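FYI, side chains are in, hydrogens and waters are out, and symmetry mates aren't considered; it's all heavy atoms of this structure. The model shown is predicted, which means the values in this text are computed figures rather than measured ones.
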Protein chains: 2
Amino acid sequence: MKNQRIINIFKTYLAHTGKKITWEREEILTLLLEKQGHFKVEDIVKITESSKNRISRATVYRTFNMLESAGIISHFYDHNHEKSYEINHEHHDHLICAKCGKIIDFTNEDQEKIQKQICSQYHFFPIFHSLHIYGICQNCLTKD
Amino acid sequence: MKNQRIINIFKTYLAHTGKKITWEREEILTLLLEKQGHFKVEDIVKITESSKNRISRATVYRTFNMLESAGIISHFYDHNHEKSYEINHEHHDHLICAKCGKIIDFTNEDQEKIQKQICSQYHFFPIFHSLHIYGICQNCLTKD
DNA sequence: TTAAGTGCAAACCTTTTGCTGCCCC
DNA sequence: GGGGCAGCAAAAGGTTTGCACTTAA
């Protein structure tokens, strides 16, 4: 299963960088993979707080940073300017409604193709991109 | 001159929203227009600190927020995750080097065209977009 | 065994806010 | 003259860090 693959990537990363595989680290990544979509540090803190295996806020922060260094997750800022994360294999671009905060994920091939063209034009080697379009979603548009 | 036009937009905005035109507000916008490119709150604080007309950090923050509400500037996060601003009429997308932090500005018509297509596909009314591609610039690539 | 990890609380940094005297309209 | 201002310092919010104890390998 795909999730197991990602967990293994993380374990390999930990081994590679002389870090240890603790149940807290596994648990956090597992929760992220279960949750899918977008998540904040606080989400995870709260989930573990209401379970028998509480994990401290500091550890969640440290683990998120590690997961980001490992290239497994990435962050962006939502319509409230709050930091939000997502799994990289689910990477897509975002339409963010300025009114209700809804986030519509999308990917578009032409879009990606043009980005590659732009990079080669500037002799730039791309690693990661983020495209966010802020506006008003259909639902909020029709409500007025 | 273009800068005067922007200053007038700001003045109109202030008048419209029952706010006052103070020398601090004019000075901050003038500095931004002179500086061009990208700037941080701290940049402006430092510039005024070393001049005869010091402006407090609180006022710079308040004015930046006001300028952003007025649609005159927008923010993004640089390669150090630090908040950075730019004038909107100079809006363009960014290639950000993860090594040296250099920011290459660009605009691309095809890119914008596709974004419009995507929005109409999702019945989404776009207001503002931000496209950042993180990677390694030519200079840093050849240095290794 | 022992290097690295966790939890806690304190420290940090950036940004916002309450208040007082001040200035623009 | 009076309602918004600027400056200050304190507070807030989010994130990191030093330390003492614990744990994976």
Side-chain angles (χ1 to χ4, degrees), chain A residues 7-8 10-31 38-70 73-85, chain B residues 7-8 10-31 38-70 73-85:
Chain A
I7 292 176
N8 286 335
F10 189 35
K11 288 186 177 174
T12 306
Y13 169 84
L14 292 174
H16 246 314
T17 53
K19 297 192 169 80
K20 286 172 181 166
I21 299 168
T22 65
W23 69 263
E24 288 92 340
R25 290 174 184 171
E26 278 203 72
E27 176 67 9
I28 289 169
L29 180 51
T30 302
L31 287 173
H38 311 117
F39 37 81
K40 303 198 164 75
V41 168
E42 276 309 303
D43 297 337
I44 301 306
V45 171
K46 268 176 206 139
I47 289 174
T48 74
E49 252 166 13
S50 57
S51 85
K52 47 251 104 207
N53 298 318
R54 202 182 83 88
I55 301 177
S56 77
R57 179 168 285 99
T59 296
V60 179
Y61 271 105
R62 284 189 275 234
T63 305
F64 268 50
N65 287 343
M66 223 174 270
L67 287 165
E68 192 159 30
S69 298
I73 63 176
S74 304
H75 75 266
F76 65 96
Y77 292 86
D78 71 15
H79 73 302
N80 288 323
H81 312 296
E82 288 171 5
K83 211 180 203 175
S84 199
Y85 289 82
Chain B
I7 291 174
N8 285 336
F10 189 36
K11 287 186 177 173
T12 306
Y13 169 84
L14 291 174
H16 247 312
T17 53
K19 297 194 170 81
K20 286 176 181 164
I21 300 168
T22 64
W23 70 262
E24 288 92 340
R25 290 173 184 174
E26 279 203 73
E27 176 67 8
I28 289 169
L29 179 52
T30 303
L31 287 173
H38 311 118
F39 36 81
K40 302 195 164 78
V41 168
E42 275 309 302
D43 296 338
I44 301 306
V45 172
K46 269 179 204 136
I47 289 174
T48 73
E49 251 166 14
S50 56
S51 85
K52 47 252 104 208
N53 299 318
R54 199 182 84 88
I55 301 176
S56 77
R57 180 168 284 99
T59 297
V60 179
Y61 271 104
R62 283 190 274 236
T63 306
F64 268 50
N65 287 343
M66 223 173 268
L67 287 165
E68 193 160 30
S69 299
I73 62 176
S74 304
H75 75 267
F76 65 96
Y77 292 86
D78 71 14
H79 72 303
N80 289 323
H81 312 294
E82 289 171 4
K83 210 180 204 178
S84 198
Y85 289 83

A.B. asks: Donor-acceptor pair under 3.5 Å: do we get one between B/Arg54's side chain and the base of D/dG7?
C.D. replies: no

A.B. asks: Between C1' on C/dT6 and CD on A/Glu49, what's the gap in Å once rounded to a whole number?
C.D. replies: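 Interatomic distance, CD of A/Glu49 to C1' of C/dT6: 15 Å.
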
A.B. asks: What pair of heavy atoms forms the shortest contact from B/Tyr85 to B/Asn65, and how long is it?
C.D. replies: OH-OD1, 4.3 Å

A.B. asks: What is the nucleic acid contact for A/Glu24, judged by heavy atoms within less than 4.0 Å: base, sugar-phosphate only, or nothing?
C.D. replies: sugar-phosphate

A.B. asks: Going by modelled atom types, is there a donor-acceptor pair between the base of D/dG3 and the side chain of B/Lys20 at under 3.5 Å?
C.D. replies: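 In this structure, the two groups form a donor-acceptor pair.
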
A.B. asks: Closest approach to the side chain of B/Arg62, judged atom by atom: which nucleotide of C/dT6, D/dC8, D/dT15 is it?
C.D. replies: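 From the listed options, D/dC8 comes nearest.
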
A.B. asks: Looking at B/Lys20 and B/Leu14, what are the two nearest heavy atoms and their distance?
C.D. replies: O-CD1, 3.7 Å

A.B. asks: Roughly how many Å is it from NZ in A/Lys40 to P in D/dG13, rounded to a whole number?
C.D. replies: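 Going from NZ in A/Lys40 over to P in D/dG13 covers 16 Å.
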
A.B. asks: Under 4.0 Å from OP1 or OP2 of C/dT15: is there any side-chain N or O of B/Tyr61 that close?
C.D. replies: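 Affirmative; the distance criterion is met.
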
A.B. asks: B/Phe64 has an atom CZ; how far is it from atom P of D/dA6, in whole Å?
C.D. replies: 14 Å

A.B. asks: For the CG atom of A/Leu29 and the CD1 atom of A/Ile21, what is their distance to the nearest 0.5 Å?
C.D. replies: 11.5 Å

A.B. asks: Report the residue (A/Met66 or A/Ala58) whose heavy-atom-nearest nucleotide on DNA chain C is the more 5′ of the two.
C.D. replies: A/Met66

A.B. asks: Could you check whether the side chain of A/Arg57 and the base of D/dG14 have a donor-acceptor pair of N or O atoms closer than 3.5 Å, going by distance alone?
C.D. replies: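 No such pair is found, so the answer is no.
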
A.B. asks: Would you say D/dA6 has OP1 or OP2 under 4.0 Å from some side-chain N or O of B/Thr22?
C.D. replies: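 B/Thr22 to D/dA6 OP1/OP2: side-chain N or O found under 4.0 Å.
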
A.B. asks: Is there a side-chain polar atom (N or O) of A/Asn65 under 4.0 Å from OP1 or OP2 of D/dT15?
C.D. replies: no

A.B. asks: Nearest whole Å is fine: how far is D/dA12 P from A/Glu82 CD?
C.D. replies: 18 Å

A.B. asks: At their closest point, which heavy atom of B/Trp23 faces which heavy atom of B/Arg54, and how far apart are they?
C.D. replies: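 In this case the closest contact between B/Trp23 and B/Arg54 is CH2-O, 4.0 Å.
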
A.B. asks: By nearest nucleotide on DNA chain C, pick out whichever of B/Trp23 and B/Val41 is the more 5' one.
C.D. replies: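 Nearest-nucleotide comparison on DNA chain C picks B/Val41.
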
A.B. asks: In whole Å, what is the span from the CG atom of B/Asn53 to the C1' atom of C/dC23?
C.D. replies: 15 Å

A.B. asks: Please tell me which of the listed nucleotides, C/dT17, C/dG5, C/dC8, lies nearest to the side chain of A/Ser56?
C.D. replies: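 So the side chain of A/Ser56 is nearest to C/dC8.
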
A.B. asks: When you measure from the side chain of B/Ile21, which nucleotide among D/dG7, C/dG5, C/dC25 comes out closest?
C.D. replies: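 Selected nucleotide: C/dC25.
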
A.B. asks: Establish, with yes or no, whether the OP1 or OP2 oxygen of D/dC5 is under 4.0 angstrom from a side-chain nitrogen or oxygen of B/Arg25.
C.D. replies: yes

A.B. asks: Hey, can you tell me if A/Tyr77 and B/Tyr77 have their rings parallel, tilted or perpendicular (30° and 60° cut-offs)?
C.D. replies: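 It falls in the parallel class, under 30°.
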
